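What follows is one structure encoded as structure tokens, with my remarks underneath.
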Amino acid sequence: MSFFIEAGIRVVFAFVFLMVTVLLLVWVERKFISDLQNRIGPDRAGPFGILQTLADGVKSFFKEGIIPARADVVLFIGAPVLAMLTALLTFLVIPIGAPIEINGVSYSLAAMDLNIGLLYVLAMSSIGVYAITLAGWASGSKYPLIGSVRASAQMISYEAAMGLALIPVVMFTGSLSLVAIVEAQQGTFGGVIPAWNIVLLPSFVIFLIAGFAETNRPPFDLAEAEQEIVGGYHTEYSGMKFALFFLAEYINVFNIAAITTVLFLGGWSGPVFGPTVLQWFLPVFWFLAKTWLIILFFVWVRASLPRMRYDHLMAFGWKKLIPVSLVWIILVAVALGFREFGAPWA
Amino acid sequence: MAETIVFIIFAAVALVGAVWMVMAPNPVHSAIGLLAVMFSIAVHYVILDAHLIAAVQVIIYAGAVMTLFVFVIMLIGVDTADAYGPQVPIQRAMTAAVAAGFFAAIALAGRVVWITGSAAFGRPNLSGTVEAVADELFGTWMVVFLSTIMLLTIAAMGTIALAYFHEDSTEDEASA
Amino acid sequence: MTDLLWLVIALPLLGAVVNLFFGKRLGEPVAGGLSVGVVVASWAIAVPATLSFVTGSGQVETIYLFSWIPVVGADAAILWDPLSAVMTMIVTGVGALIHIYSLGYMRGDERYPRFFAFLNLFIASMMILVLSANFAMMFVGWELVGLSSYLLISFWFTKPEAAAAGKKAFIVNRIGDWGFLVALMIIFATFGTFDFGTIFTTAPGILTVGAATAITLLLFVGAAGKSAQIPLYIWLPDAMEGPTPVSALIHAATMVTAGVFMIARAAVLFELAPVSGAVIAVVGTLTALVAALIAVSQTDIKKVLAYSTISQLGFMVLAVGVGAYTAGVFHLATHAFFKALLFLGAGSVIHAMAGEQDMRKMGGLRKMMPVTFITMAIGWLAISGIFPFAGFWSKDEILAATFAKGGAFIVLWAVGLFVALLTAFYMTRMFVMTFLGRPRWDGGTHPHESPATMTVPLIVLGFFSVSAGLVNTPARLAFEHFLEPSFVGVPHIKGLTLGLIVTLAVVSLVVALAGVTWGWLAYRRDELPAEDGAFWRRSLEAFAVDDFYGRVIVAPGKRVSTWAAETMDPRVIDGAAHGVARGVLRFGSVLGKLQTGQVRGYAGGMAVAGVILIFVFLAVGGGF
Amino acid sequence: MIVTTTWFLLLAAALFSIGVAGVLIRRNALVMFMSIELMLNAVNLTFVAVSRELGLIEGQVAALFVMVVAATEVTVGLAIVVAVFRTRASANVDELAEMKG
């Protein structure tokens, strides 16, 4: 039974961690953007308006759950749940810190350490597409349908690019496990530069761009382009169901940022010193610091770049990102082949 | 124990999903039913230590195949009137008989060919790690693997051909 | 010296290819010059390698070129020994002269480059045949020679006779090739390889007399096809439809000797089969006799030469039949010179007479074309066997060898002597009718001497026709010693004492002189004798052999073909096809009712069948 | 209670039979297609289960190949369904009976 107890603790901890993170994340985004746009932003609830998100959540929770007459009830309700579920499940494999050793037993700081963690992430994100697709279809209304078709086409397309961007990382580290990938990035090049996978710069860039598209964030937020299709797939949603979509999107932003950190920025790696407790805490700190940097980058991009046109978006994905990824994979493969077997002329 | 519980839950989900897929009048619901089946089967793969297959099952079937299905359903619309329509009177009965016959045949074959009952379920040294499958795939089955690449490429070209060159558009394409 | 020998094959091949594809653009002089150049170059390359045998420094060697069909022991390789050296010298040497001659003879022909391409191809094929180090490669050369001779005979294919002659040559040769091919199969089945060296060294140990007889007789079928022996000689006279240089090159000097060469090459095998030797000797003698009997009455100058070629080939075959391979090859060489000379001379005459080939319309050409006259006279004396011209030595050696064999072979010697008499007679007849007496041609023709490109080869050939015999006189057997490395393991003819040889030589010289005198007396008069009577008529129509073949072989074949085309094909074969089609249609229209177009129906059928099959398998496998 | 391979095989057999039934009673081409996918999945499940029992990795490899083939089949099949739909405005297989004999 200890298996279930440990699993329960881990899941509950992960859930709480995510909820807190998302509350902060929404507040940070609003504050940061308002600063960039030279306005104040939320400042009523709590100090600096830090409780504003919580207030919004409470409001959503008590709103009436409207279900449109032509909606497909089961799927209409199921879609936001699915969105939330996949977002939460994705987080489970992300190691937020170095393994902690208590009484000689090593505990990973990922809820699950799968040996196919990376594939798991991809699998979850591909399931996540359904939430949006079904939400749009189940609404029984045209703008949501268009929005959902756009969103899912976009996500599928960029999922391909994302998967291809991951392949060099996997080839480089030789593992699909996220923990193993972080551990492979320990150490330095020549004692100065941290040995992070960011040396695979094209992969990093492609992954980040695909990440914007996967989370439907600007400049790729075509799914909810207000000027064209009202609210996109969640036009008909309100109350708690809308809140679930909202939360899921922000969890996904955090997930993408965290995975970027894990894959390219060395995860929890950083200088560790001091007493045992500090040694437990510091890796988590480094991990969160890097992740928040990425998140701030996401927000910055949202504030700065205009939305792309839909055909440009698809063309960019299929005709630029994917070919570049393929070429890059070949280059990395050749380089690794040199490292492994020596140059063919040698 | 944990395994048994998980198996029973997801076997039930799979069976309900399968029946729902067959019975649901709405193709989208059918698709969701099938999705449930596929996800459950992925869980079963995890029970069977075939982690890679499980992940691929979700990515390929749930992520790609079923998405395509849902897309196509949305594209050509859902005509629920089609669902059953006029049937041959005894079709249901015949179908039930054939399905039952199949089940009996397969189960019997499984019992005959497969006298398991061994409490030692599986062998502990085998797990569907990526490395084991990869060794097999890129070793013994390299040629087969390469031919599937050919197959995929050809299928992609065929699909594009089917999608782009249909009778209405040939003249437009020629003039364009 | 032998390193470059592959060029002997490659250069003519190159010339052929270039002329074939670019000949038209190169123009006559360049195309012809190129063609002559490659053959002369081939000859020049072969000369030092041949001389090394003469000086005694050369040795037999196999030059590996590239791996061809390793599984049958057939590499592309050159076997360079005195025999192939002699053949190379003859083929490239005489070939070069004929090329030069053709420059003048073919001038103005619209397919001039094509002609030279074919000539070069012929030389290349002949070299492959001659230089091959195994039977497989030899067979390739053999077939290529057949192909190029077909192309050359029917060169003027717009003439129906030429096209027909080409076909005839090709078909008759196919019959011979069939024998050759079967012989090769037996050889491969017996030895497991085609390599000459292996076969000839192991043959005495493993070959039974029966197998040797079968192989050699089949080989002789092939040789009979190429070398125009009874019963396959009929293509050669018709082949005179080709341009005269072709007749000289192929049907006198080179191609027809391929059979003799092949027998000489496989001498070890023939030595193991005495019966075959006897058969070959008899066939050769008969051929010589029949061809000579036909030749005496022919009025077409080229026909005379054609039949005389067959007759001389009969002599060579007789020689190899009695085991006198050296004598056969010797006669082959001398014959190549004087027969090429005679053909080219005849060509010169025909050229001068504006295409007229009937000797009854010639006469008195001596003054108009002196060079042709003198060289032709040398050829005439050489073939008649007059001392000391080339033909005397070689023919005499064959007859001597036959006589020395003793027993029933004495009969063959007597027949050979009679043929020698006939030869002297009809050659004299031809020569006198053409050059002496009073002119009998129409007023419209103005005979003239041929250009230098035609006369120079005549002179060169004339020189060799006089001198070539001297390399192997009974007193000085240089040629025989020269060829010895090629005939290792082949016993010498026994019983040839010098006295016997001289006696026999005197006898045959007397016979030859008698023949010449007879011909001279008969045709020296102004009026041609009336060649009338049963013999003359029969002889003129070549004993109606063609008709005989036509009735016995061709006509039944045609009847079978007609039956197959008009009865078998429409009734049985088409009937079967139509019947099947009708059956399928009827069956289909019945089965079509099962095709409801309902996918689920099909799926249901499949499912039911699947269930049944699984149960069947379970039942069969004892699953219940 | 311990999960044995037999359980998986029975589950696979049940899923396969349901797939057969789906092909036989549905007339929507897409749902028939899905039923076929269900059958393929059932077979894959037996592959992997038996692979586990025998300790051979080949079963998983076979399952992978089945997936690849299924994916190609779906792309082409759906393209055909769409092409048919464009000309007939229907995905009802009962109306596709031109080849009726």
Side-chain angles (χ1 to χ4, degrees), chain B residues 3-4 7 11 14-15 18-19 21-22 27 30-31 34 37-38 41 44-45 48-50 53 56 60 64-65 68-69 72-73 75-76 82-83 85 91-92 95 98-99 102-103 106-107 110 114 116-117 119 121-123 126 128 132-133 136-137 141 144 148 151-152 155 158-159 162-163 166, chain D residues 1-11 13-22 24-28 30-31 33-35 37-38 41 44-45 48-49 51-53 55 57-58 60-61 63-65 67-72 74-76 78-83 85-86 90-92 94:
Chain B
E3 261 174 8
T4 315
F7 176 85
L15 288 173
V19 172
M21 185 207 80
V22 173
S30 290
L34 186 55
V37 177
M38 284 165 170
I41 289 180
H44 287 132
Y45 289 156
L48 288 164
D49 280 348
I53 305 292
V56 173
I60 301 246
V65 171
L68 267 181
F69 268 113
V72 171
I73 293 168
L75 187 68
I76 70 180
D82 263 346
Q91 192 178 351
R92 294 263 175 110
T95 303
V98 170
F102 242 114
F103 180 77
I106 299 170
W114 196 259
T116 169
F121 164 57
R123 312 232 170 135
L126 173 85
V133 177
E136 193 71 17
L137 198 58
W141 304 103
V144 185
T148 59
L151 182 69
L152 283 169
T159 309
L162 275 172
H166 51 96
Chain D
M1 291 252 283
I2 290 169
V3 186
T4 64
T5 305
T6 315
W7 295 29
F8 287 102
L9 293 183
L10 285 178
L11 174 63
L15 291 177
F16 191 87
S17 304
I18 295 172
V20 170
L24 291 185
I25 62 171
R26 291 305 293 257
R27 48 191 302 184
N28 185 318
L30 289 166
V31 181
F33 223 144
M34 289 184 212
S35 303
E37 292 301 315
L38 178 61
N41 265 281
N44 264 356
L45 185 56
V48 176
S51 152
R52 182 76 170 84
E53 173 74 20
I57 207 80
E58 275 88 348
Q60 299 189 13
V61 174
L64 271 182
F65 284 130
M67 284 181 195
V68 173
V69 174
T72 53
V74 165
T75 43
V76 177
L78 287 180
I80 292 173
V81 169
V82 171
F85 182 78
R86 269 203 290 235
S90 164
N92 186 338
D94 286 0

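This structure is a prediction, so every number in the text was calculated from the model and none was measured. Below, each value reflects all heavy atoms present in this structure, side chains not excepted, and no hydrogens, waters or symmetry copies.
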If we only count heavy atoms from C-beta on, is the B/F69 to D/E37 side-chain gap below 4.5 Å?
yes
Considering all heavy atoms of both residues, which atom of B/L162 and which atom of D/V76 are nearest to each other, and what is their separation?
CD1-O, 4.0 Å
Between D/R52 (side chain only) and B/D49 (backbone N and O only), is there a donor and an acceptor less than 3.5 Å apart?
no
Within this structure, what is the CZ-CG distance for the pair D/F8 and B/L48, rounded to the nearest 0.5 Å?
4.0 Å
Before we go on, tell me: are the rings of B/F103 and D/F16 under 6.0 Å apart, centre to centre?
no
Pick whichever of B/G158, B/A99, B/A14 has the most heavy-atom pairs under 4.5 Å with chain D.
B/A99
Between CG on residue D/N28 and OG on residue B/S30, distance to nearest 0.5 Å:
7.5 Å
Please report the interatomic distance CD(B/E136) to CD(D/E58), rounded to the nearest 0.5 Å.
4.0 Å
Relative to chain B, which of D/A70, D/G22, D/A13 shows the most heavy atom pairs under 4.5 Å?
D/A13
Please flag which part of B/A18 lies under 4.5 Å from any non-hydrogen atom of chain D: side chain, backbone, both or neither.
both
Option that, when pairs with chain D are counted at under 4.5 Å, heavy atom only, ranks first among B/V37, B/V19, B/L137, B/V144:
B/V144
Heaviest contributor of heavy-atom pairs below 4.5 Å to chain B, chosen from D/V20, D/L10, D/I18, is D/I18
Heavy-atom distance under 4.5 Å between the side chains of D/F65 and B/L151, does that happen here?
no
Just how far is it from atom CG of D/L78 to atom CD1 of B/I73, taken to the nearest 0.5 Å?
9.0 Å
Heavy-atom distances under 4.5 Å only: say whether B/L152 touches chain D with side chain, backbone, both or neither.
both
Of D/N44, D/L45, D/V48, which meets side-chain contact (heavy atoms from CB on, under 4.5 Å) against B/H44?
D/L45
Counting C-beta onward and ignoring hydrogens, is there a side-chain heavy-atom pair between D/T75 and B/V65 closer than 4.5 Å?
no
Any residue meeting side chain to side chain donor-acceptor pair (under 3.5 Å) with D/N41, in chain and number order, not counting sequence neighbours:
B/Q57
Interatomic spacing from CD in D/Q60 to CD1 in B/I53 - rounded to 0.5 Å
5.0 Å
Between D/A83, D/A63, D/S35, which has the largest tally of heavy atom pairs under 4.5 Å with chain B?
D/S35
